[in-house]
Amino acid sequence: MENPTTPEESGHLVDVAPYDADSRYRLVRFRGSGWESLEREEFEPRVRREFPDIDLDDPEQVHWADRPGEWPPWHPGEA
């Protein structure tokens, strides 16, 4: 698997890196940009800001490395 910190493009508009059980974030890369850590609540608004007409359910546009639509659990009080 490609290292999620490399600047290589995959061809998708959005790439979501593998699920990381130690964090409440997922690394997300937008075409032409680097990786960003996003919370579940930030994901759709941020994607739509970059690509207003994107179909979030289209695997040709949004690629999930694993566990599509899932984020690691977060508990109140965690940073």
Side-chain angles (χ1 to χ4, degrees):
M1 184 194 103
E2 168 193 340
N3 179 337
T5 59
T6 62
E8 298 170 13
E9 292 292 334
S10 70
H12 300 97
L13 295 176
V14 177
D15 286 294
V16 182
Y19 185 91
D20 179 3
D22 296 329
S23 174
R24 72 186 238 203
Y25 303 100
R26 295 283 301 248
L27 285 174
V28 178
R29 180 177 55 199
F30 300 96
R31 181 182 285 169
S33 299
W35 292 93
E36 297 180 31
S37 294
L38 296 178
E39 295 178 271
R40 176 188 311 271
E41 295 78 14
E42 297 173 308
F43 179 71
E44 185 172 349
R46 178 70 178 90
V47 170
R48 294 216 180 273
R49 190 168 55 236
E50 280 297 313
F51 305 107
D53 297 324
I54 195 168
D55 178 353
L56 293 170
D57 296 319
D58 181 353
E60 296 296 317
Q61 296 180 44
V62 180
H63 174 259
W64 295 80
D66 59 8
R67 299 185 182 192
E70 291 185 38
W71 261 254
W74 175 78
H75 306 286
E78 289 181 348

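Everything numeric in this text was worked out from a predicted model, so none of it was measured.
- When all heavy atoms of Tyr19 and Pro72 are compared, the pair lying nearest together is OH-CA, 3.1 Å.
- Every side-chain hydrogen bond (donor to acceptor under 3.5 Å, both in side chains) that Asp58 has, sequence neighbours left out, goes to Gln61.
- Annotation: the span from His12 atom NE2 to Ile54 atom CD1 amounts to 10.5 Å, rounded to 0.5 Å.
- For Asp57, the side-chain hydrogen bond (donor to acceptor under 3.5 Å, both in side chains) criterion is met by no residue, not counting sequence neighbours.
- The CG atom of Asp15 sits 6.5 Å away from the NE2 atom of His63 when rounded to the nearest 0.5 Å.
- Note: Phe30 and Phe51 have tilted aromatic rings, judged against thresholds of 30 and 60 degrees for the angle between ring planes.
- Between Ser33 and Arg29 the shortest heavy-atom distance is O-CG, 3.2 Å.
- Considering all non-hydrogen atoms of both residues, Asp55 and Val62 come closest at O-CG2, 4.2 Å.
- Listed here is the closest heavy atom pair of Pro18 and Ala65: N-CB, 3.5 Å.
- Every residue two or more places apart in sequence or in another chain was checked for a side-chain hydrogen bond (donor to acceptor under 3.5 Å, both in side chains) with Glu70, and none qualifies.
- Side-chain atoms of Val16 and Trp71, non-hydrogen and from C-beta on, never get closer than 4.5 Å to each other.
- Between Asp20 and Arg67 no salt bridge is recorded (no basic side-chain N to carboxylate O distance below 4.0 Å).
- Remark: Glu50 pairs with Arg46 by the side-chain hydrogen bond (donor to acceptor under 3.5 Å, both in side chains) rule, at least two apart or across chains.
- Partners of Glu44 under the salt bridge (Lys or Arg N to Asp or Glu O under 4.0 Å) rule, at least two apart in sequence or in another chain, are Arg48.
- When the side-chain contact (heavy atoms from CB on, under 4.5 Å) test is applied to Asp53, no partner is found at least two apart in sequence or on another chain.
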